Amino acid sequence: MNKSFFFFASLILISVNSFSQPNYYWSGGKKIELTIDSSRFIMFPKDINFNNDDLRNTQGVKNHQRLRSNYILIELIENNTLSSVEVTGKISSRNLTYSFKTIDGARMIPTGEILVSPKKGIAIETIIAMSNASLSIQDKNKYGEYKLRVEGNFNILSVSNLIYESGLVQFAHPNFIADIIKFQNDLLYPDQYYLNNTGQFGGTIGVDINAPQAWALSNGLNNIRVAVIDDGVENHEDINGRVLAGFTPTNPNGFGAPIAGGNHGQQCAGIIAATSNNVLGIAGIAQCSQIIPINIFTGGEDIPDLVEAIDFAWDDAQADVISNSWGFTGQNVQIDAIAQAITRARTQGRGNLGSIVVFASGNSHPTSTCSTNQGCFNGVTFPANVDGVVTVGAINRNGNIWNYSSRGAQMDLVAPSGNVNNNGDVRTTDRMGNNGLVAGNYINTFGGTSAACPQVSGVAALMLSINPALTEAQVVNILREPLITLILKKSYADFLTFYHLQKFHPENIFNG
Amino acid sequence: MKNLITFLLTTICGFCFYGCDSDALDQECIKGVVLYEIPCNNANGLAYLIKVERGGITDSIATTTLPSIYKVEGQEIFFFIREPKHELFCNTSIIPPKKEYDIYNVSNNACSNE
């Protein structure tokens, strides 16, 4: 018998077991209904040293992640099923199971274990014997609750239901990995579809950066510094004193503060760093990080000023992340002095670990109203096209690339955003009071690739909060390539976060 | 003496060419209306958008060389254009301006080549 025989035999067993049995488990004295999530399945490799990187180029496999040492989550490319996946020779396990969803769509990934609390006086051995399944005790806590491992090809729901319905236990249900999110009380958080798209404003559920799942892992650290090179940032009621003294290349006393008319940097900063759960305003992505404002829009900045701005960010201010929602307008602009400053940031920032440099891709893609004869062009703008820069384009709240969003070979990611020219739908901070663009201290018309870029900057800051030892190359690779998320040595939540960023990778969109 | 004359002629010609706006794209004087400042910048300063009508077509150009006294929204101006000396960079919440030029010999009355 070869491995492929066992694999396909397992598929048949899974298919029969999964689809022929009622899909529910008992909890709270009620049947909790589940549906099979046929796009994901769990593999329990017999060989604990099985290298799931072997799955990397497997036809039909979209992503894979070793959740624990003994099980791997495998996600299929859309319209593939287990039986259509070309995996012969790649998977050596006989133990596979589909993942599940609750009726409202929450993912419930079985771990292959059952949690059991026997009634008083009932021995666990009695329950195991009654189940007629192959069960082994994995763990027992001090309250007499057991974690049992289901061996072989038994349907885990059937086994746990049989145990519960025996009347010998207080509870018995599968062990699941489920999405855990923190609730937000920021008053305007419901508007922030880009963080958690629940279909508000006619958007498509799930077209977001999965921020709640990321926050379950980390809300960010106060010592992570994000430089916002823009038209200035000042303190704000919802950034709570985390705007540091920054830099204005043309004014030694400017310290990166905005001047009249400058609101753009404040809008970017809110997306990155607004305080969360303060019953006020919005939720930022890296909610504890510090903002280093650098103002390059006082009027009259030349190339050395821009170089100085970048060098100040990584060198003087020791920024971990440098967020840039700006770019040159011409198609053929290439300025080595700026490219060199970016390279210095990427290689010498953060004590030679490298600062992460994020740029908006630009809004110059040709459209019906802006042809190539009118200044628009194919490709991303400079400096977003510099090697090593994380280049971010914009999709709308339904997941479609915005027509204006510059794109090309240098693209890395896209994030949800609104329309341009203050006609967008991104909710963020505005400058306070009369200095603001609109009444109140918040704005809901931000957009363009300007609003997409700081989302990725915020995510990069969160990543460094989780693991400050990551190099710039590692962070960039994680953002570009979800298969390397294991570097974080964390569990399912970070996988989800970065998977969903990657999900909107422009290559996927452009390829239809 | 001969060398001095040659030097003077060369110098005068040099100034002549410099003053003749050899970079000028269009010797035609253009009529336009000042619109508003846009979040684009270069070494000259922040850019202004100017609405122009030529040949029955309405278009707009961006410039960072509009003299301060003409930075009045709705003001009608007359000017000449040439290739910009500095590249423009903008924040990315806007569609960047379609065309950037340096404008010169700006007037609010009539065109002048001086």
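Owing to the predicted nature of the structure, the values given are computational and were not obtained by experimental measurement. Labels below follow one simple rule: chain letters A, B, ... track the order of the sequence lines, proteins then strands, and each chain is numbered from 1.
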**Study point:** Residue pairs involving residues 326-342 of chain A (criterion side chain to side chain donor-acceptor pair (under 3.5 Å); sequence neighbours excluded)
**Key:** N324(A)-W326(A)
Exercise for review: Return yes if some donor-acceptor pair links the side-chain N/O of D231(A) with the main-chain N/O of N263(A) below 3.5 Å, else return no.
Suggested key: yes
Check your understanding: Ignoring hydrogens and geometry, is there a side-chain-to-backbone donor-acceptor pair from N295(A) to F297(A) under 3.5 Å?
Key -> yes
**Study point:** Matching residue for T298(A) among D305(A), N251(A), T248(A), T250(A) - test: side chain to side chain donor-acceptor pair (under 3.5 Å)
**Key:**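 It is T250(A); the other options fail the test.
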**Study point:** Engaged part of L306(A) at the chain B interface, taking heavy atoms whose separation is under 4.5 Å
**Key:**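 For L306(A), the side chain is the part near chain B, not the backbone.
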Check your understanding: Partners of E308(A) by side-chain hydrogen bond (donor to acceptor under 3.5 Å, both in side chains), sequence neighbours excluded?
Key -> none
Using a 4.5 angstrom heavy-atom cutoff, name the option from [options] with the most pairs to chain B.
options	result
G299(A), G448(A), G375(A), C268(A)	G299(A)
D302(A), T449(A), N421(A), N422(A)	N421(A)
I296(A), D230(A), V426(A), N423(A)	I296(A)

Check your understanding: So, for C453(A) and F359(A), which heavy atoms are closest and what is the spacing to 0.1 Å?
Key -> SG-C, 3.9 Å
Review point. With the threshold set at 4.0 Å, does a side-chain nitrogen-carboxylate oxygen contact exist between K31(B) and E76(B)?
Key: yes
**Study point:** Close approach to chain A in residues 91-100 of chain B, criterion heavy atom under 4.5 Å
**Key:**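 From residues 91-100 of chain B, the residues near chain A are N91(B), T92(B), S93(B), I94(B), I95(B), P96(B), P97(B), K98(B), K99(B).
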Exercise for review: Tell me, please, which residues at least two apart from F328(A) pass ring pair (Phe, Tyr, Trp, His ring centres under 6.0 Å).
Suggested key: F382(A), F89(B)
